[in-house]
Amino acid sequence: MKKRSIFLMAATATLYFNNAYAQETPQDSIKTSSIDQIVITGNSGPKKKIESSTAISTFTAKEIQKQNPISAAALLQRVPGFAVETSGGEVGNNLFARGIPSAGAYEFVQVQEDGLPVFEDGALQFANADNFFRVDNSVSRLEALRGGSGSIYATNSPGGLINFITKEGSNDFKGTAKLETSTYGLMRTDLNVGGALVQDKLFFNVGGFYRTDNGIRKTGFRANNGGQIRMNLKYVFDKGYAKVYYKKLDDRNTFFLPIPLTQNGNDLKEFPGFDPNYGTYSYRTISQLNIPQAGGGFFSRNLEDGIHPKVDVLGAEFKYDLGNNFSVLNKTRYTNINMNYTGIFPAGGPQTGAGFANANGITGNNYQYSLVGSGAVVNPAFVQELGFWAIDKQMNNFVNDLQFNYKFDKGNVTAGFYKSNWKSHQYWNWSNILTTATDKPQLLNLVDTSLTPNSTGYSKTYNGVTDMSFLLRDSQVQGSLNDLYANLDYNVTDNLSVNAGLRYSRDFYKGYSVNTTTANLNNSGLTTDGTHSFATTTADDNMSVLGNKYNYWSYDIDKVSYTLATNYKINKENAVYARFSHGFRSPNEEAYYNYFTTPNPDQPLKPVLTNQVEVGYKYYSRTFDVAVIPFYSTLKNLSFTDVFSNGTSENTFANTKNYGVELEGYARLFNNILELTFNGTIQNPKYSGLEEGSLLEGNVVRRMPKLYFNISPAVNITKQWRTYVSYNYYGKRFQDQLNVQTLPSFSEFGAGMSYQLGKIRFAVDGTNIFNTIGITEGDPRAGSPTGDGTIMARPIMGAAVRASIALDF
């Protein structure tokens, strides 16, 4: 492994304390006091954080700027209760809330912008919610709610709500401009401006970014390239306001999948020829695919496009005071997404050259490998079969949330009707390719030397492709959600309040799938090289062809979610609360496809049901924040829907239970010289309540650490100069539900410093500065793992540094 460890913190060894520092808050202080913070997410109206009976974490725009997260997932690592896997790159990452297992994505939480979903379902296949959202300077704050009232204010969100609230203009014209570069070829510009077109009446805000970089992992091409723009216009009148907004996102991001590593218990090392910190199979030398189709024509794909969503969002928000303490709020939004998704998915692990040849029907040593590019004969120690997966998705979502609120002396009541129509149509075209088992891989051809070039089955490849379009899928899912909800906040006394919420969901899902048949190109008249027919290669023997038989299905949901909580404010700085909640998650896209294409399903298709109990203690002051929240949760009918490398997927179910505690804290000490932020989770998620004799009973839920936390001390050397270190710990997990494959614990360090010169801020931020090899997942597409030895896993990114200059005006 290359030694590239980066040390940013030499200055911290010579810290000094300026006598003139006094007790003023530093200009670059990271944390805003929580004692007076107002939250809106998961509540019937704006409420002081200490008075809210929810587990909620908040981050202001300034706090987000200081953390300078490399992705939305990296920011969410600072939220207790959220176990976040950030190894996929800028997008396509996974979040698990309170130990709720899933195949990935954001399956049990909803990601929102201004209180409405980024897309109604955040865990569609190859359409993680973070594919359609980017953090930039147009974000005013983040409110992240766990459990509790999540199921009352959104669908399919028993794990919580993640609400990014965007900036609006004010009477004062102001803005932020930022320029950023890095050790991996980053060039990024951010700009946000806002102000008044008519004082006290008409306000605007416009913001966005454009970014290009080569990726921390060395792809040989621009791994990330694109940007977004957001704008809103708000008119304020005596009894309310009206707002319209628009967002355009057009971005390309490389998605990083598992690579080979060598494991011996808790010890991880590089696989020979593969850099674990910077290597990837997603490399330019295998980036182009152009193959004939059994139905005619060619299918072409460019890996450099990666995950490429084109997102258009148009929305409006209206609030009006009806008088007599009644008000109405209506939010509406239309989202249209066209996304091309191209990624390299390993089909198992590396194999010896002889082993792969023998497994593909070549006996003994009668095999020969050659490079596709040059034709040179080679003898690779190991080869790797890779899935070249191409997915096209057309998605749209029209949502409207109509809400009435009545305020009375002791509290308020909110009632609303939520309507959402969404559709997702997808087309898959998957092939397998053969490469060297190295980073910067080379495409390989494989032939049987016991045969002649004119013989049937002489070649096992077609220009490096082992299986041409072996899987095609054409399917569609539509959702029509019709939800009524009500929420009551009642103040029993000045310090004691009660919250109760109810949501009735009458939701309808339907869709179709197209059957496929197999074919080959033997009689197509095409040749592999201008001379030989396709009968000489096996690469086309199992090509998939879409038929004209459609399988139509429908599925209805008729469920009630509810919650009950109480909050006792001991004094202005201390509060305790307790909450019970019941919610559900509808079956996901793959579960529908799997169930309705299986002739005789083993079990009926059911929603996932959740029950959660949490209690909490909160202390907020000008110098300290502390939140301690024990919780207990149970899940029923949890489905496993991993898609394997051969295109099949499992369709098994389990129940789980989990108990744990979330910790969150902040301290500003020694006359504001030292700041300390902390968040952590201790939990014990296990499979339970299964059929007698089940192999899962009592096992730890897969991919769930029992302990993970982040601690970040910062020193304000002067009022202008600040330096920090961050430490992330991610505990041991199991890749699989049988608890065979261990994913060792790992620690990741970051560090940086900033200097505030008037309205200009200079900053340097380093991530994984000690080049830790930390794996967040194994290979869920490979089936049952085997334990130690050569494993396939997805490590975090190697060490990297970013430098930025920001101007506030």
Side-chain angles (χ1 to χ4, degrees), residues 8-9 11-12 15 24-34 37 57-79 84 86 134-144 164-165 167 174-182 186 188 190 192 207 209 622-625 664-669 672-679 710-728 748-769 800-809:
L8 298 178
M9 300 306 297
T12 59
L15 294 179
E24 299 179 46
T25 300
Q27 294 183 35
D28 210 29
S29 176
I30 190 174
K31 187 71 176 177
T32 302
S33 175
S34 296
Q37 277 192 27
S57 300
T58 57
F59 301 86
T60 65
K62 187 174 183 179
E63 292 164 10
I64 295 172
Q65 180 191 50
K66 303 305 181 294
Q67 293 178 23
N68 196 21
I70 203 167
S71 64
L75 174 60
L76 293 170
Q77 281 184 311
R78 301 299 182 97
V79 179
V84 185
T86 61
R134 304 292 185 274
V135 177
D136 62 18
N137 284 339
S138 62
V139 173
S140 173
R141 68 185 186 277
L142 163 64
E143 297 182 352
F164 290 92
I165 301 166
K167 292 179 180 177
K174 55 185 177 180
T176 301
K178 183 180 177 183
L179 178 65
E180 189 172 20
T181 187
S182 76
L186 171 68
R188 173 169 172 148
D190 287 75
N192 187 83
F209 76 94
R622 299 295 177 187
T623 55
F624 289 97
D625 288 359
E664 189 172 28
Y666 166 75
R668 184 183 287 136
L669 306 170
N672 300 321
I673 292 173
L674 176 64
E675 296 180 38
L676 184 66
T677 57
F678 174 83
N679 74 81
N710 171 274
I711 185 169
S712 183
V715 177
N716 296 300
I717 301 170
T718 70
K719 286 176 58 179
Q720 293 78 29
W721 186 11
R722 179 176 180 272
T723 186
Y724 73 89
V725 176
S726 67
Y727 172 62
N728 283 314
E748 178 187 4
F749 285 88
M753 62 177 60
S754 61
Y755 187 81
Q756 189 81 34
L757 182 62
K759 294 185 176 181
I760 301 178
R761 180 179 185 269
F762 302 88
V764 177
D765 298 282
T767 52
N768 193 14
I769 60 175
V801 175
R802 290 169 292 150
S804 62
I805 302 174
L807 169 66
D808 294 322
F809 55 89

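For reference, positions follow the sequence shown, starting with 1.
Two residues are said to be in side-chain contact when any heavy atoms from C-beta on lie closer than 4.5 Å; N716 and I673 fail this criterion. Using a 4.5 Å heavy-atom threshold, the side chains of D190 and T176 count as separate. Put simply, the side chain of S804 does not reach to within 4.5 Å of the side chain of Q65, judged on heavy atoms. When side chains are defined from C-beta on, F59 counts as touching V79, because their heavy atoms get closer than 4.5 Å. When side chains are defined from C-beta on, T86 counts as touching Q77, because their heavy atoms get closer than 4.5 Å. Between R134 and D136, the closest side-chain pair of non-hydrogen atoms is not below 4.5 Å. Side-chain contact between F624 and L669 is present, with at least one heavy-atom pair separated by less than 4.5 Å.
Separating the CZ atom in R802 from the CG atom in L186 is a distance of 8.0 Å, to the nearest 0.5 Å. Residue Q37 holds its CD atom at 8.5 Å from CZ of R141, rounded to the nearest 0.5 Å. Between the CD1 atom of I717 and the CE atom of M753 there is a distance of 6.5 Å, given to the nearest 0.5 Å. To the nearest 0.5 Å, atom CD of residue Q67 and atom OH of residue Y724 are 9.0 Å apart. In this structure, CG in L807 is found 13.0 Å from CZ in R761, a value given to the nearest 0.5 Å. With rounding to the nearest 0.5 angstrom, the CZ atom of F809 is 11.5 Å from the NZ atom of K174.
Formation of a donor-acceptor pair under 3.5 Å by the S712 side chain with backbone atoms of V725 is found in this model. A donor-acceptor contact shorter than 3.5 Å links the side chain of Q756 to the backbone of G758. A distance-only check finds no donor-acceptor pair linking the side chain of N137 to the backbone of G207 [under 3.5 Å]. The backbone N or O of S754 lies less than 3.5 Å from no partner atom in the side chain of T723, so there is not a single donor-acceptor pair.
Applying the side chain to side chain donor-acceptor pair (under 3.5 Å) rule to S182 yields no partners; only residues at least two apart in sequence or on another chain are considered.
Looking at N728, N679, T677, L676 one by one, the single match for side chain to side chain contact (heavy atoms under 4.5 Å, CB included) with I711 turns out to be L676.
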